[in-house]
Amino acid sequence: MASTSSTGAAVPPRPTRPRRAVWGERGIELLIYASGVSAIVFILAILFFIFREAAPVLFSDRFSLTQFLFSTEWYPTSVSNVRYGTLALSAGTLAVTVLAMILAVPFGVGGAVFLSQFCGPRLRETLKIIIELLAAIPSVVWGFIGLTVMSRLIVTYTGAPVGVNVLNGGIILALMSVPIIVSIGEDALKAVPDSYVEAALALGVTRWQLVFRVLLPAARHGLLAAVLLGVGRAIGETMAVLMATGHAVQIPHGILDSVRTLTANIAAELGEAPAGSEHYQVLFLTGVLLFAITMLVNLAADLIIRGARARK
Amino acid sequence: MMGHPVSGTRPDRPTWAIAATALLAALAVLAACGGGGPQSQTTTIQNKGSDTMVNVAQAWAEAYKLAAPAVDVEVSGGGSGVGIAALIRGTVDIATSSRNMKPEEIEQARRHTGQTPKEIIVGYDALAVYVHKSNPLEAVSNEQLAEIFGEGGATVNWAQLGVAIPGVTDDTIVRVSRQSSSGTYEFFRDHVLGKRDFKLGSRDMNGSKEVVELVGSTPTAIGYSGMGYATPAVKMLRISPKTGEEPVAPSVENTLNKSYPLARSLQLYTLGEPQGAVKAYVAWILSDAGQQILAESGYVPLPPEQRRQ
């Protein structure tokens, strides 16, 4: 401050901004740059940390990657024979996610079509607010609904012995993914150029023809991205599936079997595993597996969106 | 596009969401920093561990608040293993546990904290085997339980035990177990399965209460949990140590005279001899007032001669 004013007095004023403003702007630029880059730094740091914790067991002689990926026997705390097989957990994750998507995609895409084509502006704004509210419900609340309300309904209507199972988890995850699919899908439909719609209307198409022959094909990349983001949400969800799927290590033979997912397993066991033990490292390796799966899904979503942009 | 001038002027929602999240996170951090104020007046005892004991630990904490208002006892569950792991890291004052600390855990605690864990037995518990109240089964032997729950065990249907459950078409046994951090899980494995592993595919519940709730709502279920968690919807089985021997019911007398095969002690662990507020708290738990609360929670209090530290 003092230096600025003294230099300002010594040198005749030039048509530049005061140094304070220049430095201030640079400072703010730097801050914004740092916030932008921090995302990359964080992701790399997380990746590094998970790998560092998981690496010792990955390269140890007693550990077999084949067993880890393809065995269904998960006995991390056995006294006689410790086995770390995650196939049943992966199968649980897959079963719940697939069921959730089967339920969520028709509702999500249908909701997006309705919002963008079939409802008036006032209803649309109201619905949007409510759908976004639905997305804001904490996952533990969903889990609680699954555990108490849904499980009773499932026992009553399907005759399943236990109400916490794949069906329960799938329904809860579908309810959680629908808002994402609706709001991103609606954006995708809105991004279809007006000229397409106008051309179709000029040819005298009905609304259904407009939706099925023009809008959905034109917005398919965006809709697919919306679905994949919903998938990402479903795979990564922990608390709700921990409470709603019954927590049983087995490959499900039907939607009324209980399962355990990769995420729920980490959540349930990491607290007890002594830091640095083999069990702890294997749980981090499960985290790496999960990271790889979600990254693949996100990458696929990203590539599809890019494809959509490049083609335009 | 269809005559809605508002479309396109909508604010960019994801950015808002990120900004809001960041703001909330910042506020949470501030709140967490600001919350440390009143520590100078009150002492806080961190108490973590056994899900079997979490109800009684909570009841102790509440009653002790009346006896000693200057001491806050913070209780959390998670399982005996979680409490012991926290004790090894030195993040809790008291770990509650329904199993004994293993020698390697004691060694780890010594290495991490430089102090030897001190074990204080505060009561006893009978691990009860529960079935639905409509199940006609009354007694079961240890071997039968191992066949139901153990890896490689052959019993999968109730018919194999000669039991027909009224109103049920599929009589597959629904096994209800505990998550592997639970002391109850390890106790059952060590004392019923003979250290064999559990059969996979059991429903692993995160708390003693959840086991009883699920068994109470499932006619074909069988599960194990502390006897303090019994509800009208479930039935406790009598257990014979070996096939052919007289089955014993889980009760206070049978626990104290050790005739019930699944009785176990409940303990607290502290790092080194308890000091200051923790010492007073432990002494209070072992007093008549503390033991009274233990008994009310459905556990078996210590006989008078054992109530010394």
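Residue numbers start from 1 in every chain, and the chains themselves are labelled A, B, ... in the order their sequence lines are given, proteins ahead of strands.
Going from atom NZ of B:Lys195 over to atom OG of A:Ser78 covers 10.5 Å, rounded to the nearest 0.5 Å. Here the CD atom belonging to B:Glu151 is positioned 7.5 Å from the OG atom belonging to A:Ser80, to the nearest 0.5 angstrom. Rounded to the nearest 0.5 Å, atoms OG (A:Ser151) and CD (B:Glu213) are 10.0 Å apart.
Interface remark: A:Arg260 contributes side-chain atoms only to the contact with chain B (heavy atom separation under 4.5 Å). With a 4.5 angstrom heavy-atom cutoff, B:Asp204 touches chain A via backbone and side-chain atoms both. Heavy-atom distances place the side chain of A:Leu242, and not its backbone, under 4.5 Å from chain B. Using a 4.5 Å cut-off between heavy atoms, B:Ser180 contacts chain A through both its backbone and its side chain. For B:Arg189, the part sitting under 4.5 Å from any heavy atom of chain A is the side chain, from C-beta outward, and nothing else. Contacts of B:Lys102 with chain A are absent, with no heavy-atom separation under 4.5 Å from either backbone or side chain.
Pairing each heavy atom of A:Ser258 with each of B:Arg203, the nearest pair is OG-NE, 2.7 Å. Closest approach of B:Val174 and A:Pro161 over heavy atoms only: CG2-CB, 3.8 Å.
Within residues 75-85 of chain B, the residues that have a heavy atom under 4.5 Å from a heavy atom of chain A are B:Gly81, B:Val82, B:Ala85, listed by number.
Applying the 6.0 Å contact sphere to CZ of A:Phe144 captures no more than 12 heavy atoms from other residues, nucleotides or ligands.
When each of A:Ala268, A:Ala136, A:Ala248 is scored by its heavy-atom pairs under 4.5 Å with chain B, the top score falls to A:Ala248. Counting heavy-atom pairs closer than 4.5 Å to chain A, the top-ranked of the candidates B:Asp197, B:Leu214, B:Asp190 is B:Asp197. Most heavy-atom pairs under 4.5 Å with chain B, from the set A:Leu147, A:Thr245, A:Val155, A:Val162: that is A:Val162.
Using a 4.5 Å heavy-atom threshold, the side chains of A:Gln250 and B:Leu200 count as separate.
Not counting sequence neighbours, the partners of A:Glu73 by the side-chain hydrogen bond (donor to acceptor under 3.5 Å, both in side chains) test are A:Arg83.
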